[in-house]
> 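Okay, handing you the structure first.
Residue numbering restarts at 1 for every chain, and letters A, B, ... go by the order of the sequence lines. Just so you know, these numbers use all the heavy atoms, side chains as well, and skip hydrogens, waters and symmetry mates. Owing to the predicted nature of the structure, the values given are computational and were not obtained by experimental measurement.
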Protein chains: 2
Amino acid sequence: MAVSERKKREYDQREGLIIDTARKLLLDRGYLDLNMDQIAEVTEYSKGTIYQHFSCKEEILVAMLSESADKAGQFLLRGSNLKGKPRERMAAMALGYDLFVCLNPDHFKAKLLVQNESIMRKASPTFQKKMDASNQQNMHLVAGVLRDAVAEGHVELKKGITPEEVAFGLWTGALGAYVLMSSEVNLHALGITDPRKAVWENMHALLDGFGWRPLSSELDYEQTRIRILKEVFPQEAAQVGRA
Amino acid sequence: MAVSERKKREYDQREGLIIDTARKLLLDRGYLDLNMDQIAEVTEYSKGTIYQHFSCKEEILVAMLSESADKAGQFLLRGSNLKGKPRERMAAMALGYDLFVCLNPDHFKAKLLVQNESIMRKASPTFQKKMDASNQQNMHLVAGVLRDAVAEGHVELKKGITPEEVAFGLWTGALGAYVLMSSEVNLHALGITDPRKAVWENMHALLDGFGWRPLSSELDYEQTRIRILKEVFPQEAAQVGRA
DNA sequence: CAAACAATTGACGTTTAGTCAATTTTTTTC
DNA sequence: GAAAAAAATTGACTAAACGTCAATTGTTTG
């Protein structure tokens with residue numbers, strides 16, 4: 001059945017086109033002006049065909065986010081493969097995520113919307129499960145590096161604290177920061193001139209606080225940062241013009 | 001002009017009614033099912049009158065958030081007035097904010113939406129300025145307690161790190177956590193059984209990481225927590241059933 | 001009390017999500 | 001290869017909701 005295989009490919013390709021178009025329109029016009037007629041017009045398919053792929057507007061958003069969440073996972077994975085101490089690998093994951101966000105400005109725009117339960121609930125359970133699985137995978141990846149550190153004796157977690165809870169702390173710190181950066185909050189007026197740098201510093205303070213060695217007083221993580229960009233994300237760093 | 005004063009009072013009162021109604025509908029039905037006709041019906045005013053107060057649906061959301069943001073500021077302020085060391089006062093602010101979020105479940109629902117630039121931009125600049133001012137005030141409050149700590153010699157900030165950046169770290173950690181808690185993410189499946197506790201622990205790790213004394217190894221902050229609830233938020237703690 | 005002014009209303013125009021009968025295209029059958 | 005069956009595509013249509021504004025109701029003033 002080579003024919004039906006081709007059909008399937010064409011179908012998937014069109015789904016990608018719809019998502020990409022929606023992504024572009026979301027960035028250009030914003031959520032409130034994102035509408036199905038326009039998506040239909042730009043993709044040059046009829047509205048009915050769009051609805052063949054997605055049951056509602058919100059489902060396109062969720063699919064968009066699901067796609068970019070997978071991409072984000074790739075950046076985390078690449079970071080975790082840095083040659084070095086677990087804490088350096090963790091730093092590489094954070095830096096990778098930062099690069100991902102820079103390269104995919106739509107990601108947080110969609111995330112803010114889909115985080116809203118009323119929008120998320122309208123999408124099909126299939127997509128919801130996908131998102132959950134994606135979160136779980138990333139959590140597992142981060143907690144895994146931490147477990148490596150514990151195994152190698154670089155850090156002892158206080159009684160009652162799990163690797164997942166530490167991962168949660170890293171997650172929430174990054175999430176909150178990128179939420180603020182992708183929204184209309186005037187960080188500059190609040191005295192935050194370089195939020196990316198602040199996120200990096202705060203992550204290291206958090207890890208120092210857990211006693212994860214080498215502490216930032218024992219290792220120059222600025223050197224690590226440069227090494228990460230060079231060894232793991234050379235192309236992406238160039239793309240966003242990072243030293 | 002006693003008459004016009006009364007008029008003004010009635011007008012303000014109605015504005016409050018509209019906001020409260022919208023808040024209730026947002027919690028009950030969610031954003032997508034929140035509509036102006038229903039707000040008009042429930043408040044028993046006509047749609048035209050609602051539009052006398054707010055230029056669009058999104059402006060009601062922003063007003064809702066602005067109101068609860070002020071309330072949140074009160075909790076922070078009360079926390080900052082705890083008798084004790086600066087770091088304890090900081091902990092009291094965090095705990096106060098946590099209680100506020102528990103008591104105002106609509107706050108983060110609205111915040112997630114208003115954080116979206118397309119929704120925020122539709123509201124009038126007046127409200128946008130209000131939100132900025134509110135954020136600035138809170139940032140100032142948090143940074144102020146940190147400055148006290150620096151003045152009293154409890155912490156030395158590394159060169160190049162400002163109190164605002166540390167405040168930013170506390171802010172983003174809390175923001176990200178409450179975003180996740182107020183959304184559909186299944187934290188339990190991710191191994192986070194008590195997110196509030198995790199937020200508390202992570203905050204202390206962050207402050208430990210900055211070297212803010214007394215470190216959590218030097219002082220039993222669980223005792224501080226109990227004291228804060230007793231001395232600063234006795235009523236609120238009882239309301240949410242916190243020990 | 002009447003005229004001017006202000007506040008309130010809800011019917012109406014417009015936009016857009018989502019549906020579905022009609023049409024076109026593709027596949028199967030003989 | 002033609003005809004019939006199945007599948008895919010379309011866009012006119014319905015319903016819902018936003019936001020407007022002319023008409024109406026209520027209030028103040030001279």
> Rounded to whole angstrom units, what separation is found between the CG atom of A:Asp33 and the C1' atom of D:dC18?
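These atoms are roughly 13 Å apart.
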> A:Met36 has an atom CE; how far is it from atom C1' of C:dT19, in whole Å?
12 Å
> Can you give the dot-bracket line for DNA chain D, where a pair is Watson-Crick or G-U wobble with both atom distances under 3.5 Å, crossing pairs use [ ], and | marks a partner on another strand?
||||||||||||||||||||||||||||||
> Does B:Lys57 have more than 12 heavy atoms from other residues, nucleotides or ligands lying within 6.0 Å of its NZ?
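Result for NZ/B:Lys57: enclosed.
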> Between A:Arg23 and A:Asp20, does any NZ, NE, NH1 or NH2 come within less than 4.0 Å of an OD or OE carboxylate oxygen?
yes
> Between atom CZ of B:Arg225 and atom CG of B:Leu95, what is the distance when rounded to the nearest 0.5 Å?
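Separation between the atoms: 6.5 Å.
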> Should A:Lys122 be listed as having a side-chain N or O under 4.0 Å from OP1 or OP2 of C:dG18?
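For C:dG18, OP1/OP2 do have a side-chain N/O of A:Lys122 under 4.0 Å.
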> Which parts of residues 45-62 of chain A get close to DNA chain D, meaning a heavy atom less than 4.0 angstrom away?
A:Tyr45, A:Ser46, A:Gly48, A:Thr49, A:Gln52
> Test salt bridge (charged side-chain N to carboxylate O under 4.0 Å, His left out) on A:Arg147 and A:Glu164; report intermediate values, then the result.
CA-CA 10 Å; A:Arg147 274 183 231 279; A:Glu164 278 75 16; 2.6 Å; yes
> What is the distance, to the nearest angstrom, from the CG atom on B:Asp37 to the C1' atom on D:dA16?
9 Å
> Using a 4.0 Å cut-off on heavy atoms, which residues in residues 10-24 of chain A reach DNA chain D? List them by number, or say none.
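Contacting residues: A:Arg14.
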> Just the rounded figure in Å: distance from P of C:dT15 to CG of A:Leu32.
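After rounding, the gap between these two atoms is 16 Å.
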> Under a 4.0 Å N-O cut-off, is there an ion pair linking B:Arg242 with B:Asp98?
yes
> Angle class for the A:Tyr31/B:Tyr31 ring planes (parallel below 30°, perpendicular above 60°, tilted otherwise)?
tilted
> Does this structure show an ion pair linking A:Arg121 with A:Glu58, if we count only N-O contacts that are shorter than 4.0 Å?
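No, A:Arg121 and A:Glu58 are not salt-bridged.
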> Could you tell me whether B:Ile39 contacts a base, only the sugar-phosphate backbone, or nothing, with contacts defined as non-hydrogen atoms closer than 4.0 Å?
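The answer is nothing, as B:Ile39 stays clear of every strand by at least 4.0 Å.
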> For the pair made of CG in A:Leu25 and P in C:dA17, what is the distance, rounded to whole Å?
11 Å
> Rounded to the nearest 0.5 Å, how far does CG of A:Leu190 lie from CE of B:Met139?
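The CE atom of B:Met139 sits 5.0 Å away from the CG atom of A:Leu190.
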> Measuring from B:Asp106:CG to B:Lys24:NZ, what's the distance to the nearest 0.5 Å?
12.0 Å
> Say you draw a straight line from OG of B:Ser46 to CG of B:Asp37; how long is it, rounded to the nearest 0.5 Å?
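Rounded to the nearest 0.5 Å, the OG-CG separation comes to 11.0 Å.
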> Using modelled atom types only, decide if a donor and an acceptor are shared between the side chain of A:Thr21 and the backbone of A:Leu17 within a distance under 3.5 Å.
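A pair under 3.5 Å: yes.
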